[in-house]
Enquirer: 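Pasting a structure below so you can have a look.
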Amino acid sequence: MSDSELNKIILPYSISVRDLAEKMETSPIEVIKVLMANGVMASINQNVDFDTAAVVASELGFEPELEQIEEEKPEDAGEVPLWRRVIAKEADKDLQPRPPVVTMLGHVDHGKTSLLDVIRQSNVAGGEEGGITQHIGAYQAEHQGRKITFLDTPGHAAFTSMRARGAQGADIVILVVAADDGVMPQTREAANHAKAAQVPIVVALNKMDLPSANPELVKKQLSEIGLVPDEWDGDTIVVPVSATKKQGLDDLMEAILLVADNKEIKANPKGEVLGTVVEGEVDRSRGVMATLLLQNGTINVGDTILAGKAHGRIKAMFDFRGNRIQKAGPATPIMVMGLNDVPKAGDLFRVVESEKEARAIVSEMELAGKVRSIAPKVSLEELYAQLQAGEVKELRLIIKADVQGSLEPIVNSLNELAEKQSEVSILILHQETGNISESDVMLAAASDAIVLGFAVEADNAAERLAEKEGVSIRSYTIIYRLIEDIEKALKGMLKPELVERNIGRARVLATFSVSRFKVAAGCRVVDGEIRRNGHIRVVRHDQVIFDGEIGSLKREKDDVREVREGFECGIALKQFHEFEVGDTLECYVIEQESR
């Protein structure tokens, strides 16, 4: 083990003087002395930030590193939601079938609400006289002795909003299409949102009782947006229904269970407790009430939960009918009382040991939020950098154009561009004529996509949301400019090559002993600059005798990031100590260069 590994110390964003001393196995008095020498007056129980603690650690012979806190990132179209990853880690023998979770999407006035109401009244498990006594954002229905959980979300905007925050609570999407109206703009958007979430779609062909119903035409329109009916040798189940006549409901429930069986939807009732917040509100008599959908594990009254930054001990728990219950298992919608704040829809929740632990986690999250800057907007430039780092291999786009005559050549040109190379794919999540809307931006936010507009404008609401969510909207008036920009981004996406670049040279003038690295070299920079994050080649008599990392770079006793030509500095290397006066130190960096 090297000296640097022995002296390395991991520090959080904030730490008390006492804890810092313990980490370095020294007395708090020594730490306070160093703080005072640097102009900081702190008591033994006072907290100092990372930068201050790092200065103390460096002066006492340690190499400080910032503790990395893993953040729960919003899931995008290509990622598996956190709760699904947790279930995937459970032992197969512990997994048991659970009810599928279903949400309904579709165009306005095509009958989503009517269909949900009919299912609620006809199929709710252990149905009640007079229907449901209260409305919560999720409920369970029963068919052939099997339960199905419905998320009562108001359309695809809410569905995508939840997914943008990492939830993706639904296993199956019911796309409601009116048989007399056919595929409309919101139908296409809803289908694209479900596809982006990689959730299977069952089409409910509603209003079949109307004389103007034309199911064959609607099936043709569905096939044009990639939803080919199974009777046409496709893989989309299309079920004719009528909410007003209460027809076709059993067939729809049968289709849901059929898709669920193909997906093998399972969870571990004894595993880690994890789920999604469906909605939250403040009740005048009961305080904060949160509707939760449990996706793994079993939750009990008395458990302490953390949902986003809201937390608390569950004082009471209710099922979707409003009845008090003591515990609930996977895919069960529940309403809980006892949180200190209203959580956001789409927040993930989990059970923690105690409220003290929950408060500590929230404090860390808030501190991390202050230290970290707001995430940069998703743009071709940012995507270029991500792809160079090998983080993603797909460019996701939402395309809006003024007319169909512009949209088609743009899409065709992009598809041709993708075919020319095999390392990066282009996924067009949504393509349509018309101005850029809030819905377009929400889909982009949830899927890490870029919105491309040709001869169209973004409305004010879309621009505000794009600013808030960090979504890049790029507008063009010339098609070849749009294609050219994407082509440049694609070239940047190809796996980069590592290139060595010389940035400076220093001459060794003297050597002296140091505690951390045994020997350091007193140098003058004769060309370019020496950087702390660079590598050093030691050249003696035109021969390279060592090549490795810089351990320390100082100027007049201060740690510095770089020293430029003409200045003197002290350089210590992590694994080399045999400097001689007259040695040349060549500094270089390794950079990624796109092909």
Side-chain angles (χ1 to χ4, degrees), residues 74-80 160 163-164 188-199 201 224-228 376-434 436-437 439-456 458 466 469-496 592 594-595:
E75 316 295 337
D76 64 27
E79 292 180 331
V80 179
T160 309
R163 193 164 60 85
R188 283 193 292 272
E189 285 184 8
N192 286 330
H193 285 228
K195 287 176 190 174
Q198 298 180 340
V199 177
I201 299 170
E224 289 170 355
I225 63 169
L227 300 176
V228 182
K377 292 184 179 183
V378 178
S379 64
L380 284 182
E381 292 77 17
E382 287 298 325
L383 196 64
Y384 180 98
Q386 289 177 32
L387 293 157
Q388 279 189 313
E391 293 170 13
V392 281
K393 285 290 178 187
E394 187 174 63
L395 172 55
R396 304 184 190 109
L397 300 173
I398 291 161
I399 304 170
K400 300 297 289 282
D402 55 344
V403 291
Q404 199 67 30
S406 302
L407 189 61
E408 287 178 7
I410 290 171
V411 171
N412 291 339
S413 297
L414 289 172
N415 287 334
E416 287 173 13
L417 199 58
E419 288 171 7
K420 289 179 183 177
Q421 45 76 50
S422 59
E423 290 189 45
V424 183
S425 60
I426 292 177
L427 178 61
I428 299 174
L429 296 176
H430 183 53
Q431 59 188 60
E432 195 181 28
T433 57
I436 296 163
S437 66
S439 178
D440 299 321
V441 175
M442 183 56 77
L443 177 56
S447 307
D448 248 0
I450 294 164
V451 181
L452 301 180
F454 179 78
V456 293
E469 297 289 340
V471 170
S472 175
I473 299 175
R474 299 178 75 97
S475 299
Y476 299 88
T477 53
I478 302 171
I479 289 180
Y480 85 82
R481 295 267 189 210
L482 184 155
I483 305 302
E484 191 178 60
D485 274 7
I486 301 300
E487 188 170 14
K488 286 177 182 176
L490 284 175
K491 286 178 180 175
M493 289 181 195
L494 297 177
K495 190 177 177 182
Q592 292 181 341
S594 61
R595 291 183 297 192

Enquirer: Less than 4.5 Å apart, side chain to side chain, heavy atoms only: is that true for L395 and I450?
Expert: yes

Enquirer: Determine the minimum heavy-atom distance between V471 and V441, stating which atoms define it.
Expert: CG2-O, 3.9 Å

Enquirer: So, taking the atom named CG in L227 and the one named CZ in R188, what distance separates them when rounded to the nearest 0.5 Å?
Expert: 12.0 Å

Enquirer: Any side-chain heavy-atom pair from L452 and I410 closer than 4.5 angstrom?
Expert: no

Enquirer: How close do I473 and A466 get, heavy atom to heavy atom, and via which atoms?
Expert: CD1-CB, 3.8 Å

Enquirer: Looking only at heavy atoms, which two atoms of I398 and A444 are closest? And how far apart?
Expert: CD1-N, 3.4 Å

Enquirer: Hey, what do you get for CD1 (I201) to NZ (K195), rounding to the nearest 0.5 Å?
Expert: 6.0 Å

Enquirer: Check whether any side-chain heavy atom of N415 sits under 4.5 Å from a side-chain heavy atom of I428, and report yes or no.
Expert: yes

Enquirer: Would you give the length of the straight line joining atom OG1 of T433 to atom CD1 of I399, rounded to the nearest 0.5 angstrom?
Expert: 13.0 Å

Enquirer: Measuring from E487:CD to L414:CG, what's the distance to the nearest 0.5 Å?
Expert: 10.5 Å

Enquirer: As an exercise, state the distance from CG of L443 to NE2 of H430, rounded to the nearest 0.5 Å.
Expert: 7.5 Å

Enquirer: For I479 and P409, which heavy atoms make the closest approach, and how far apart are they?
Expert: CD1-CG, 4.2 Å

Enquirer: Kindly give the heavy-atom pair with the smallest separation between V451 and D440, and that separation in Å.
Expert: CG2-O, 4.3 Å

Enquirer: Might you point out which heavy atoms bring V456 and D402 nearest each other, and give the distance in Å?
Expert: CG1-N, 3.4 Å

Enquirer: Measuring from atom CD1 of I426 to atom CD1 of I486, what distance do you get when rounded to the nearest 0.5 angstrom?
Expert: 6.5 Å

